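Below, chain A is the first sequence line, B the second, and so on; all start at residue 1. Predicted, not measured: the structure shown is a model, and the values here were computed from it.
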There are 2 protein chains.
Amino acid sequence: METYRNRADRRRQTEERILDTARAMFAAVGYERTTIRAVATGAGVDPALVMQYFGSKKDLFVAASKLPDDWPAEGEGPLDPDEVTERLLATLGLKIGGIPESSLAMMRSMLTHPEAAQTVRDSLGRWIGAVGNALPGEDPQVRAALLMTTMVGVIIGQRLLELDALRDVPPDRLVALLRPCFAALADGK
Amino acid sequence: METYRNRADRRRQTEERILDTARAMFAAVGYERTTIRAVATGAGVDPALVMQYFGSKKDLFVAASKLPDDWPAEGEGPLDPDEVTERLLATLGLKIGGIPESSLAMMRSMLTHPEAAQTVRDSLGRWIGAVGNALPGEDPQVRAALLMTTMVGVIIGQRLLELDALRDVPPDRLVALLRPCFAALADGK
DNA sequence: GTCTATAAGCAGATAGAC
DNA sequence: GTCTATCTGCTTATAGAC
């Protein structure tokens, strides 16, 4: 029984090490350029073991890539635009410094891997619905969509393209600069 | 000579047809998932002909993908922030309806194809430099970068992810909604 | 349970027939 | 000049030895 527990633990540790490596590689080079072989080598295991544990490359991607939870839909009524702004900025501020690698993995492949694209589309759709539902004024859905695409653009620029101009800019500073911009979209002029 | 001209014309037409097909496929599914074979089939020619004309898949991508020209740097002095805003919005307004497929091809692959990433980084870097140079106030480069990532985000949302909320929204409307947002970033509060 | 060996398929690229 | 045939390499995935 002692033995069994140790083996189970070992297996869980190995599985976690494989997942970590996969996340890092999917985040770094995307779905297509990540190979089972490279993940296995990186994790120090046999390629067949990866298949044994996760079944297929697609399933490994599903296990390794994940988007953050949806907008917390507590109340349904229209919120204060300022509150919407602050919530989105807080989300972005947290994310931009420490986005989980699983999210970067998903975003890295969202333009070229159809299933990642669909996952991102669905998730953004829910965010847009919830945020738009909380906005006053005209075309709330469109303005919510623009808020979300702005966030996506910033994350892409800083974390995926790693633009020089956004390197070494503290998240707080970015949030401060974006605040009036978000406010303008949120209160619908 | 008549014959020669006809052959040269034919060849140019064939080359253009291959390029059109390649652009469409690169824009639709990205670099990795586009195959020489599929391009050839789509253009109604032999795969070997594509290699004959363009040398390699990389070279075909280079020939088919292109970003728009840089920001027109006429004067160097700080411009009116409103003017910067209007120029960027005009660029986006034109683009969003009719972005050249060659640009979409480049953007589709910018997160997963290293050379596309570098091309986009370089181009955005030049835009950021020029726009930042034209902005007054604090951290002009950072604000310029945020303006550019916002544009990138919107294009991705509407043309590459094809978000429902942005479908069928006229470019004019998007530009109008983004104007105060851009203005806030451009005049630095 | 883990790994060796290999299957099966598809890619880009090339050599040479016509 | 154009296409057939093939080479070489790489991938995911599997079957079976240990």
Rounding to 0.5 Å, atoms CE (B:Met51) and OG (B:Ser56) come to a distance of 6.0 Å

Atom CG of A:Leu60 and atom P of D:dT11 are separated, to the nearest Å, by 15 Å

For residues 46-64 of chain B, the salt bridge (charged side-chain N to carboxylate O under 4.0 Å, His left out) pairs (sequence neighbours left out) are B:Lys58-B:Glu115

Query raised in the report: Among the clusters formed by ILVMFWY side chains lying less than 4.5 Å apart, do B:Tyr31 and B:Val62 turn up in the same one?
Result: no

5' to 3', nucleotides 2-13 of chain C under a 4.0 Å protein heavy-atom cut-off (B base, S sugar-phosphate only, - none) gives SSB------SBS

Taking atom types as modelled, find out whether B:Asp122 and B:Gln118 have a side-chain donor-acceptor pair closer than 3.5 angstrom.
yes

Result for side-chain contact (heavy atoms from CB on, under 4.5 Å) between B:Ile18 and one of B:Asp20, B:Thr14, B:Thr21 points to B:Thr14

